[in-house]
J.: 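Pasting in a structure now, in structure tokens, and then I'll have a few things to ask.
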Amino acid sequence: TASQSVREVRFYTLEEIQQHNTCKENWIIIHNKVYDVTKLLNEHPGGEEVLLEHGGIDATDCFEDIGHSTDARFLSESFLIGEVHPVSSWLSNWFTLCVCVSPADIISL
Ligand code: HEM
């Protein structure tokens, strides 16, 4: 039916994404999209270390610096679970610009 073809976007705040950075789960952010790469860890050709290092945070620069192939980008789709909530993302950028700290630092206080 028509309703089934509509893909809903699940939004996550940066705080929620951080909460899934545990020894059991590994969520990362690439271009404002959220990926649960827990099941990729063992199979990632670049190793699990780089993914773990970016758990709960933005891995866009690292992902792009490596120059991932088209295949890798296609593969990433299967780990996509949502997007960073726009307000959360905006606030984070604002904090980083104006206060030179990330909200994650404040939350951890
Ligand atoms: C959903 C996310 C990701 C997927 C599906 C993925 C997939 C892949 C694949 C298929 C390769 C083999 C080379 C290629 O096809 O381009 C690769 C290599 C690599 N990836 Fe990823 N990757 C992801 C995220 C990341 C992130 C976030 C980082 C860095 C923090 C990273 C770092 C690397 C490195 C260092 C290599 C090795 C490059 C080399 O040996 O020349 N990857 N990845």
Side-chain angles (χ1 to χ4, degrees):
T1 66
S3 65
Q4 280 174 326
S5 65
V6 176
R7 196 158 162 229
E8 284 182 35
V9 177
R10 171 80 160 88
F11 287 117
Y12 298 95
T13 64
L14 291 167
E15 197 189 358
E16 279 177 287
I17 298 163
Q18 283 275 336
Q19 282 163 1
H20 290 274
N21 178 30
T22 64
C23 55
K24 285 185 185 140
E25 279 179 302
N26 186 221
W27 289 16
I28 57 169
I29 302 164
I30 303 169
H31 292 298
N32 256 20
K33 288 184 173 171
V34 184
Y35 297 86
D36 178 352
V37 291
T38 312
K39 294 198 171 84
L40 174 69
L41 290 178
N42 289 329
E43 287 142 41
H44 183 226
E48 61 174 16
E49 198 62 33
V50 279
L51 296 177
L52 293 171
E53 272 169 16
H54 289 81
I57 62 169
D58 197 305
T60 308
D61 289 345
C62 184
F63 184 83
E64 292 302 342
D65 286 349
I66 267 76
H68 279 92
S69 65
T70 315
D71 278 357
R73 283 162 203 275
F74 185 75
L75 180 66
S76 74
E77 291 295 308
S78 53
F79 301 99
L80 183 66
I81 55 167
E83 292 180 22
V84 182
H85 195 287
V87 174
S88 185
S89 165
W90 186 89
L91 273 173
S92 169
N93 291 337
W94 186 86
F95 266 102
T96 311
L97 263 177
C98 304
V99 198
C100 294
V101 294
S102 94
D105 296 333
I106 296 171
I107 289 163
S108 67
L109 292 176

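In this chain, residues are counted from 1 in sequence order.
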J.: Any heavy-atom pair between the side chains of D71 and L75 that's under 4.5 Å?
T.: no
J.: A side-chain contact here means heavy atoms from C-beta on lying under 4.5 Å apart; do S76 and I30 qualify?
T.: no
J.: Keeping the roles fixed (side chain from R10, backbone from I81), state whether a donor-acceptor pair exists under 3.5 Å.
T.: no
J.: Is I57 reachable from W94 through a run of I, L, V, M, F, W or Y residues, each pair having side-chain heavy atoms under 4.5 Å apart?
T.: no
J.: Got a donor-acceptor contact below 3.5 angstrom from the E16 side chain to the T13 backbone?
T.: yes
J.: Taking side chain as C-beta onward, heavy atoms only, is H44 less than 4.5 Å from V50?
T.: yes
J.: To the nearest 0.5 Å, what is the distance between NZ on K39 and CD on E25?
T.: 9.5 Å
J.: Is there a path of hydrophobic side-chain contacts, each under 4.5 Å between heavy atoms of I, L, V, M, F, W or Y residues, that connects I66 with I28?
T.: no
J.: For the pair W27 and Y12, name the ring-plane relationship: parallel under 30°, tilted 30 to 60°, perpendicular over 60°.
T.: perpendicular
J.: Spell out, yes or no, whether F74 and F79 are grouped together once hydrophobic residues are joined by side-chain heavy atoms under 4.5 Å, including indirect joins.
T.: no
J.: Between G55 and N21, what is the shortest heavy-atom contact and its length?
T.: O-ND2, 3.1 Å
J.: Tell me the closest heavy-atom pair linking Q19 and T22, and the distance in Å.
T.: O-CG2, 3.5 Å
J.: Is there a side-chain contact between L40 and N26 in this structure, where contact means two heavy atoms from C-beta onward sitting under 4.5 Å apart?
T.: no
J.: Apply side-chain contact (heavy atoms from CB on, under 4.5 Å) to L91 and L14, showing your working.
T.: CA-CA 10 Å; L91 273 173; L14 291 167; over 6 Å; no
J.: If two hydrophobic side chains count as joined below 4.5 Å and joins carry through other members, does L51 share a cluster with L80?
T.: yes
J.: Output the distance between atom OH (Y35) and atom CD (E77), rounded to the nearest 0.5 Å.
T.: 5.5 Å
J.: Check whether any side-chain N or O of H68 sits under 3.5 Å from a backbone N or O of F63 as a donor-acceptor pair, and report yes or no.
T.: yes
J.: Answer yes or no: is there a donor N or O on one side and an acceptor on the other, between the side chain of Q18 and the main chain of G56, under 3.5 Å?
T.: yes
J.: Under a plain distance cut-off of 3.5 Å, with no hydrogens placed, do T38 and D36 share a side-chain donor-acceptor pair?
T.: yes
J.: Measure the spacing between CD of E43 and CD of E48 and express it to the nearest 0.5 Å.
T.: 11.5 Å
